[in-house]
Each structure stands twice: as structure tokens, then as C-alpha cells.
Protein chains: 2
Amino acid sequence: MQGITGQELSSKKAEYLKYIHMQDDVVKTTEIAVHFSVAPSTVTKALTEIAKAGYIEHTPYHGVKLTPHGVEYARFLIRRHRLVALILSRHGLEPEEACREARKLEQCFSKDLTDRMCTSLGHPMMSVCGEIEHDRRCCGSPGERP
Amino acid sequence: MQGITGQELSSKKAEYLKYIHMQDDVVKTTEIAVHFSVAPSTVTKALTEIAKAGYIEHTPYHGVKLTPHGVEYARFLIRRHRLVALILSRHGLEPEEACREARKLEQCFSKDLTDRMCTSLGHPMMSVCGEIEHDRRCCGSPGERP
DNA sequence: GAAATATTTAGATATCTACCAAACTTTGGG
DNA sequence: CCCAAAGTTTGGTAGATATCTAAATATTTC
């Protein structure tokens with residue numbers, strides 16, 4: 001997990017990755033295409049690129065599955081989203097709005113910035129759009145140091 | 001000032017506009033080119049587009065000057081930048097860092113979001129990189145209502 | 001007024017993003 | 001085992017951004 005910048009994937013691709021992570025099973029191209037209202041070929045192209053970057057395993061005709069690296073990255077993306085949404089909600093936005101606006105902003109937050117905000121917020125457990133999962137190694141969370 | 005979204009200009013162009021606003025006089029192409037380390041022709045092209053959008057008056061060979069609309073917009077850009085930097089600094093970033101990171105994020109903050117954060121912060125007068133100027137009509141600042 | 005300087009124009013390159021249609025391949029149910 | 005449905009590949013469109021070089025043009029300065 002060294003060297004994450006938070007900008008490895010375009011925001012659309014990051015949305016795809018988060019979506020894949022949030023499904024239980026192997027995810028099929030069509031499912032993603034329907035969910036995001038785009039053509040299947042658009043999804044295939046994006047998946048190919050995400051796979052090339054090492055976040056998913058794409059078995060043609062059979063769907064995609066996150067790699068361990070992908071799971072780690074997706075967790076970061078979701079945590080980042082929820083932290084940004086939390087901050088927005090603390091500045092007067094309603095949960096819905098905070099979540100929606102966060103989706104526009106989060107792309108620009110680096111891993112480092114995300115971790116520092118997380119620390120400054122005291123590693124909160126809840127945001128306005130879900131739980132925030134912390135990981136020993138993902139940020140300076142409690143318990144990080146031996 | 002109705003209908004500002006905050007995304008009217010690309011971030012580079014917004015940087016040019018802010019720079020122009022912060023100079024006293026008419027600003028010359030070369031000056032901008034040197035400041036941002038790009039070729040003069042790059043600047044000319046950008047200025048032409050900014051002028052087309054109505055923010056500056058470009059007298060070829062003689063430099064640029066903000067229009068009233070441009071002044072208003074540049075003020076918004078600077079206020080937005082400083083508010084974002086302020087929030088970051090309140091989350092543990094040093095002034096320098098806050099200002100630098102803000103430059104990466106600010107582009108995504110809409111006028112509306114900016115105004116609401118401004119309100120929630122109590123219309124602060126100072127940020128980490130300069131004063132925050134409020135305007136009766138730019139946000140729900142004190143004194144807005146008769 | 002000519003030389004030096006500044007600026008603009010024109011023409012290109014490059015990258016990224018996102019998207020679709022059509023042709024082709026695989027799978028899986030019957 | 002075949003065919004329709006699902007999925008993929010290929011090739012193309014489109015727009016935005018940002019950049020540069022080289023040539024043309026304008027301005028300034030001596």
C-alpha cells in the first residue's frame with residue numbers, strides 16, 4: 001500500500017471499482033453497464049484498464065473480481081468518500097447533499113491528505129453515508145504503532 | 001452574479017485570472033508566461049478564451065485588464081481558495097500545505113458549496129494565505145438582509 | 001526608420017476521458 | 001450440439017485541456 005496517491009484511477013473508474021467492491025459476488029459487465037447507464041463496451045474498456053492497473057481480475061465472458069490490491073484500494077476509496085462527506089456534513093450539508101458533493105470532490109484528495117483529515121477527525125467510525133472502516137496500516141489510526 | 005457555478009473556467013485559466021486580478025496594472029502576456037513558465041503563445045490562447053467568456057478585456061499587444069464581471073469572478077475564486085485552505089488548515093495542515101492542497105481541490109467546489117461553507121464557518125475574515133473578503137451579495141454574509 | 005522585442009496566429013501534438021455501433025466470440029440452456 | 005443471449009473487441013467519435021514551434025505581425029527603442 002505504499003505510494004498510493006489517490007489519483008490512480010479516473011473518477012469514473014473509481015466509481016466502477018467501488019461498485020464492484022460493494023457487490024458480493026463476481027460482477028458481470030452488463031450489471032455494471034445497467035447500473036451506470038452506459039453501453040457494455042464502455043464498461044469492458046474501462047475494466048480492461050482497471051485490470052491492467054492491477055485492481056481487478058477480469059476473466060473475459062465471466063466477469064470481474066477484485067484482486068487483494070483492488071480490495072485495499074476500494075476500501076481506501078470508500079473511506080475517502082465517507083470522510084469527505086463527513087466533513088461536508090459538518091459544514092452544514094444534509095447527509096444526501098454531503099454524499100453527492102463528496103462524489104465530486106473526493107477525486108482530488110490524496111491518500112496523504114485523506115489520512116491526515118482522518119487523524120484530525122479522530123478516526124471517526126461513522127459518516128453520513130455509512131461506516132468508516134479503519135485499517136491498521138491504512139492511516140495513522142489508533143493501534144498503528146506497536 | 002447569478003448563476004455562477006464555480007466551474008466556468010478550467011483551473012489553469014482560473015489561476016491566470018487570479019494572477020491578473022492580483023496585479024495592479026494592466027498585465028502583459030510575457031509576464032504571465034514567465035510567471036507560469038509556459039510559452040507566450042500558450043498564454044495568448046488562454047487569454048483569448050478567458051476574454052471570450054467575458055472576464056477580461058484583451059487588447060492585443062497591450063495586455064489584459066479584468067472586466068467588472070472578471071473582478072467579481074476573481075474575487076470569488078480567491079475567496080473560495082482561501083476558504084478551502086482555511087478548512088484544510090483546521091484539519092491539521094500547515095499554512096503552506098493547506099494553500100497548496102487547496103489549489104488542487106478548489107476547482108471542484110461550487111459557488112453554492114463555497115457560500116455554505118463560508119456561512120458555516122461564520123464568514124471568517126482571515127485564512128492561512130490571506131484575508132477573506134466578503135461581499136454583501138456574494139454569500140449569506142452578515143448584513144445581507146436589510 | 002530599422003533593429004530588437006513582444007505578441008499573435010496557425011498548425012500540430014499529446015493526453016485523457018467517455019462514449020457508442022457493429023462485428024465477432026463465448027457461454028449456457030434446451 | 002446448436003443457437004440465442006451475453007460479453008468482447010475493434011475502430012471510431014467527440015470534446016476538453018494544455019502545450020509547443022515557427023512564422024507573421026505589431027510595438028518599442030535607439
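In what follows, every chain begins at residue 1, and chains take the letters A, B, ... in the order their sequences are listed.
Within residues 5-29 of chain B, the residues that have a heavy atom under 4.0 Å from DNA chain D are, in order of number, B:S10, B:K12, B:Y16. Non-hydrogen atoms lying under 4.0 Å from DNA chain C are contributed by B:P40, B:S41, B:T44, B:K45, all within residues 36-46 of chain B.
Among residues at least two apart or in separate chains, side-chain hydrogen bond (donor to acceptor under 3.5 Å, both in side chains) pairs with a member in residues 49-64 of chain A are A:K13-A:E49. For residues 82-92 of chain B, the set of pairs meeting the salt bridge (charged side-chain N to carboxylate O under 4.0 Å, His left out) definition, not counting sequence neighbours, is empty. Sorted by first and then second residue, the ring-ring contact (aromatic ring centres under 6.0 Å, His included) pairs involving residues 80-109 of chain B (not counting sequence neighbours) form an empty list. The stretch residues 93-102 of chain B participates, sequence neighbours left out, in these salt bridge (charged side-chain N to carboxylate O under 4.0 Å, His left out) pairs: A:R116-B:E97, B:E101-B:K104.
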Quick one: side chains of residues 16-26 of chain B, donor-acceptor pairs under 3.5 Å with protein atoms, not counting sequence neighbours, listed by atom name and distance.
{"from": "B:K18", "atom 1": "NZ", "to": "B:E15", "atom 2": "OE2", "distance (Å)": "3.3"}
{"from": "B:K18", "atom 1": "NZ", "to": "B:E106", "atom 2": "OE2", "distance (Å)": "2.5"}
{"from": "B:Y19", "atom 1": "OH", "to": "B:E31", "atom 2": "OE2", "distance (Å)": "3.3"}

Contacts under 3.5 angstrom, residues 33-44 of chain B side chains, donor-acceptor by atom type, not counting sequence neighbours:
{"from": "B:T44", "atom 1": "OG1", "to": "B:P40", "atom 2": "O", "distance (Å)": "3.2"}

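Put simply, CG on A:L47 is 13 Å from P on C:dC19, counting in whole angstrom units. D:dT8 atom P lies 12 Å from atom CD of A:E31, rounded to whole Å. For B:K52 and D:dA16, the NZ to P distance is 11 Å, given to the nearest whole Å.
Side-chain heavy-atom separations under 4.5 angstrom define the hydrophobic clusters, and B:M126 shares its cluster with no other residue.
In this view, A:P124 and A:L83, A:L86, A:L121, A:I132 satisfy the side-chain contact (heavy atoms from CB on, under 4.5 Å) rule, not counting sequence neighbours. Residues forming a salt bridge (Lys or Arg N to Asp or Glu O under 4.0 Å) with A:K65 (at least two apart in sequence, or on another chain): none.
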Under 4.0 Å protein heavy-atom contacts per nucleotide of nucleotides 23-30 of chain D, with B for base, S for backbone only and - for none: --BSSS--

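Residue-environment remark: CD (B:E131) stays at or below the threshold of 12 foreign heavy atoms within 6.0 Å.
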